[in-house]
2 protein chains.
Amino acid sequence: MSNPPTIKEIAKKLNISISTVSRALHDHPSIGLRTKMRVQQLAKDLNYEPNQTAIFFQQRKTFTLGVILPELSEAFFSSAISGIEDTANKHKYSVLLGQSHDNEEREKQIVETMKNHRVDGLIISIAKNTVNYDHFEMLKKYNIPIVFFDRIPNLPNIHYVACDMESGTIQAVNFLLKNNHRIIGMINGPEKLFASQQRVEGYIKAMKKYRLKFDPNLMVASDLTREGTETAMQSLLSLRRKPTAIVVFNDYVALDAVQYARHKKLRINKDIVFVSYSNLPLSHYTAFPPLASVEQFPYQQGQKATETLVELLGKSNEQPEATTYYKVILESQLMLNQNK
Amino acid sequence: MSNPPTIKEIAKKLNISISTVSRALHDHPSIGLRTKMRVQQLAKDLNYEPNQTAIFFQQRKTFTLGVILPELSEAFFSSAISGIEDTANKHKYSVLLGQSHDNEEREKQIVETMKNHRVDGLIISIAKNTVNYDHFEMLKKYNIPIVFFDRIPNLPNIHYVACDMESGTIQAVNFLLKNNHRIIGMINGPEKLFASQQRVEGYIKAMKKYRLKFDPNLMVASDLTREGTETAMQSLLSLRRKPTAIVVFNDYVALDAVQYARHKKLRINKDIVFVSYSNLPLSHYTAFPPLASVEQFPYQQGQKATETLVELLGKSNEQPEATTYYKVILESQLMLNQNK
DNA sequence: TTCATGTAAACAAACGATTGCGCGTTTTTT
DNA sequence: AAAAAACGCGCAATCGTTTGTTTACATGAA
C-alpha cells in the first residue's frame with residue numbers, strides 16, 4: 001500500500017466505524033477512553049496524516065492566504081512578503097503567491113486563480129496602472145475578504161494597511177528647511193496614486209508652517225521610468241529659482257535623478273541634495289546616497305496586513321455583517337543616512 | 001443563494017443529470033450539441049466556476065508547487081522566487097510559499113505543512129545548517145518530487161539546479177591574474193557547502209594554469225557573520241605575503257570585508273581589490289563596489305528549477321519508475337562592475 | 001419489572017466534481 | 001425488416017473527512 005493511510009483504513013483494521021475514528025482523533029468526549037487510545041496508537045503507527053485537501057473541501061476553508069504583489073524581486077515587496085509569510089505561519093495559514101508584474105490583466109487572472117483555489121482571504125498591493133476594480137469587488141460576493149496594503153485602490157469600503165507618507169514628507173521637508181534649504185523641489189509619482197497625493201500634502205504643509213509660499217513649478221511628476229525622471233530633473237534644473245534640494249518619490253527614481261545631476265556636473269550633497277523614500281536596503285552603501293530617506297517599513301506593513309486579515313477571518317464566523325473597515329496607518333519616518 | 005453555483009444546480013435547472021453537465025462543460029463528445037450549448041450558456045449566466053478544492057480532492061492533484069527558501073527578503077532569493085512564480089504560472093501551477101529562516105526545525109515543519117496541503121512537488125533551497133535530511137527523504141514515500149536549487153543537500157539521488165561556481169571562480173581568479181595580481185586571497189564560506197568547495201577548486205585550478213603555487217594561508221573561511229569576516233580579513237592582512245586582491249564568498253561578506261579594509265586605511269581598488277559573488281542588485285551603485293562579481297543568475301535558476309519540476313510532474317504519470325535524476329548546471333559568469 | 005437516563009459507537013448524508021458502465025433511442029447496415 | 005452500430009444521456013461509485021442523528025446496551029431509579 002503506497003498510498004497514504006486514511007481513517008477508513010484505521011477503521012477497518014480496528015473493526016470500528018469511520019466516524020468513531022474521526023472523533024477519536026479529535027478527542028471527542030463521546031468516544032471511550034479505550035478505543036480512543038487504540039485509534040490514536042494505530043494512527044501514530046501508520047504515520048497517519050489527515051488529507052488536507054479533503055478537509056479543505058469539506059470545511060470550505062483552506063487556511064490559505066492569497067498574496068498578490070507587483071514585483072517579488074523588488075526589495076520593498078520582498079520584505080513585505082517576508083513579513084506576511086512569517087505572520088501567516090504564526091497563525092497556521094499558508095501563503096499562495098502571485099505577482100502581477102504591474103499588469104492589470106495578469107492581476108485579474110491571478111485573482112481568478114486564487115478565487116478558484118478558494119483562498120480564505122487575500123492580501124494585495126495593486127498593479128500601478130490598475131484602473132478597473134471589478135475583479136476586487138467581485139470577491140465580495142464570494143465572501144473572500146481583501147486587505148490591501150501600500151498600493152491601495154481608490155474604493156470606498158475596503159480594508160487596508162498603509163504607511164502615511166504625509167508625515168514622512170513633512171519630516172523630510174522640515175529637515176531640509178532646517179538645513180537652510182529654501183527652494184525645495186519634488187519629483188513625485190503618478191498623480192493618481194494616493195501615496196503621491198500624500199506627498200504633495202506633506203510638502204505643502206511643511207512649507208506653510210515655515211510661512212513659505214508654495215511654488216507649483218517645483219513640483220514635477222515622473223512616471224517612474226528613467227526617461228520620465230530625467231525629464232522631471234531637466235524641468236527642475238531649468239527653473240529660474242533652481243532648487244538646492246529635491247525630494248524624490250522613491251529610491252529607484254532617486255538613483256536616476258542623482259545620476260542625471262552628476263551628469264550635469266552638479267556635486268551631490270553640495271550643489272544639490274536629495275531626500276528619498278526608501279525601497280532599497282543598504283542604500284547607505286551606495287556611492288551617492290540621498291541625505292535621508294523616509295522609511296516605509298515594508299516588513300511591518302506585511303505583518304499588519306496579515307494580522308488584520310486573520311482577524312477578519314476569525315470574525316467572519318461570528319457576525320456575518322458587522323462590517324467595519326480596517327484602516328491601519330503606520331507612520332513613516334525620516335532616517336538620516338550617515339555616510340560611511 | 002449566496003453560495004457559488006455548482007454543477008448540481010445547473011443540472012437541476014436544466015433537468016438533466018450532473019454527469020451530463022460535467023461532460024458538457026468539458027466538451028465531451030458523447031454529449032449532444034444542443035444540451036452542450038444549453039449547459040455552457042447557463043454556466044456562463046450563473047457565473048459558474050468549478051470548485052477547485054473539490055477537483056483537487058478528487059484528482060489527487062493540486063496544481064500547486066511548494067517553494068521553501070531560507071530568506072525571502074534577500075535579493076538572491078527574491079529574484080529566484082520571481083523566476084519560480086513566473087514559470088509556475090506559465091504552466092498553470094500555483095506557488096505555495098514558505099521561508100525557513102535558515103532554521104532546520106522550521107524547515108521540517110514547513111515540509112510537513114506542504115505535504116499535508118498535498119502540493120504536487122517542491123522546490124527547495126535548504127537552510128544553511130540543515131544536517132538531517134530525513135524530512136526530504138520521507139517525501140519520496142509520498143511520491144512528491146523535490147527539485148533543489150542553489151543550496152543543495154549532500155544526498156545521492158536528487159534532482160537539482162545549481163550554478164557552477166568553479167567556472168566563475170576560475171574566471172575571477174584569471175581576471176585578477178591578468179591584472180597582475182599574484183597574491184590572491186580568498187574568503188570562503190562554510191566548508192560543508194558544496195558551493196564553497198567549488199570555489200576552492202576553481203581557485204586552485206586557475207592558479208595551477210598560471211603555474212603558481214597554492215598557498216593555503218591565502219584561503220580563509222568566514223561563517224558569513226560580520227565578526228567571522230573581520231577575523232578572516234585580519235588573518236589575511238597579517239600575512240607576510242599580503243594579498244593584493246581578495247575573492248570574497250558573496251556580496252554581503254564583501255561589504256563587511258571592504259569596510260574592514262577601509263577601516264585599516266587601505267585604499268579600495270588601489271592597495272587592494274575585491275572580487276565577489278553577486279547577491280545584491282545594483283551593487284555597482286555601492287560606494288566601493290567589488291571590481292567584478294560572479295553572477296549566479298537567481299532568476300534563471302528559479303526558472304530552470306520550476307521547469308524541471310513541471311517536467312518531472314508530467315512524466316510521473318507515464319513510467320512510475322523511470323527515475324533519472326536531473327542535475328542542471330548553469331554556468332556562473334564574471335561581470336565587471338563598470339564604475340559610475 | 002419497567003421506564004428513564006447516560007454512554008459508546010454506528011449510520012448516513014454531505015461537500016463538488018469526475019468517470020466507467022449501462023440503457024434506451026435513433027440511425028445505419030445488410 | 002431485422003440486426004448492428006452509434007448516439008445521448010443517466011446511474012452510481014469514488015475521493016477522505018466531518019458531523020447530526022440514531023441505535024444498542026448498560027446502569028440506575030421508581
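Keep in mind that this is a model prediction, so the values were computed, not measured. Proteins come first, then strands; the chains are lettered A, B, ... in the order of their sequence lines, and each starts at number 1.
Heavy atoms of B:I16 sit under 4.0 angstrom from primed sugar atoms or phosphate atoms, though from no base atom. At the heavy-atom level, A:Y48 lies under 4.0 Å from the strands shown only through sugar-phosphate atoms. Here A:I55 lies in heavy-atom contact (under 4.0 Å) with sugar-phosphate atoms only.
Under a 3.5 Å cut-off, the side chain of B:T306 and the backbone N or O of B:G302 do form a donor-acceptor pair. Checked by atom type and distance alone, the side chain of B:S78 never pairs as donor or acceptor with a backbone atom of A:S78 at under 3.5 Å. Listed for the B:K141 side chain is no donor-acceptor partner under 3.5 Å among the backbone atoms of A:P4. Of the possible polar contacts, one joining the A:D120 side chain to the A:T62 backbone as a donor-acceptor pair under 3.5 Å is found. A:T130 contributes no side-chain N or O that, together with a main-chain N or O of A:E104, makes up a donor-acceptor pair within less than 3.5 Å.
Residue pairs that meet the salt bridge (Lys or Arg N to Asp or Glu O under 4.0 Å) test with at least one member in residues 17-37 of chain B, sequence neighbours left out, are B:D27-B:K36. The salt bridge (Lys or Arg N to Asp or Glu O under 4.0 Å) analysis of residues 72-91 of chain B, with sequence neighbours excluded, yields the pairs A:R106-B:E85, A:R106-B:D86. Note on residues 151-163 of chain B: pairs passing side chain to side chain donor-acceptor pair (under 3.5 Å), not counting sequence neighbours, are B:D102-B:R151. The list of ring-ring contact (aromatic ring centres under 6.0 Å, His included) pairs with a residue in residues 105-128 of chain B, not counting sequence neighbours, reads A:F56-B:H117. Residue pairs meeting the ring-ring contact (aromatic ring centres under 6.0 Å, His included) criterion with at least one partner in residues 85-105 of chain A, sequence neighbours excluded, are A:F63-A:Y93.
Between the two ends of the helix from C:dT1-D:dA30 to C:dT30-D:dA1, each summarised by a five-pair axis, the helix axis turns through 60° (rounded to 10 degrees).
Between the side chains of A:S22 and A:S19, no donor-acceptor pair of N or O atoms lies under 3.5 Å. With 3.5 Å as the limit, one finds a donor-acceptor pair spanning the side chains of B:Q99 and A:S82.
Proximity of residues 26-38 of chain A to DNA chain D (heavy atom under 4.0 angstrom from any strand atom) is restricted to A:H26. Contacts of residues 109-120 of chain B with DNA chain C (heavy atom under 4.0 Å): none.
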Please tabulate, one pair per line, all N/O donor-acceptor pairs under 3.5 Å involving side-chain atoms of residues 38-50 of chain A, not counting sequence neighbours.
{"unit_1": "A:Q40", "atom_1": "NE2", "unit_2": "A:A24", "atom_2": "O", "d": "3.1"}
{"unit_1": "A:Q41", "atom_1": "NE2", "unit_2": "A:D45", "atom_2": "OD1", "d": "3.1"}

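Both A:Q59 and A:K8 lie close to DNA chain D; mapped to their nearest nucleotides by heavy-atom distance, the more 5′-ward contact belongs to A:K8. For the pair A:S19 and A:R60, both in contact range of DNA chain C, the more 5′-proximal nearest nucleotide belongs to A:S19.
With sequence neighbours excluded, the residues that form a side chain to side chain donor-acceptor pair (under 3.5 Å) with B:H135 are B:E107.
Bracketed by its first and final contacts, the part of DNA chain C lying under 4.0 Å from non-hydrogen atoms of chain A reaches from C:dA8 to C:dG16 in 5' to 3' order. Nucleotides of DNA chain D with any atom under 4.0 Å from a heavy atom of chain B span, from 5' to 3', D:dG8 to D:dG16.
Shown are B:V131, B:N132, B:I124, B:I126; of these, the side-chain contact (heavy atoms from CB on, under 4.5 Å) with B:P153 is made only by B:I126.
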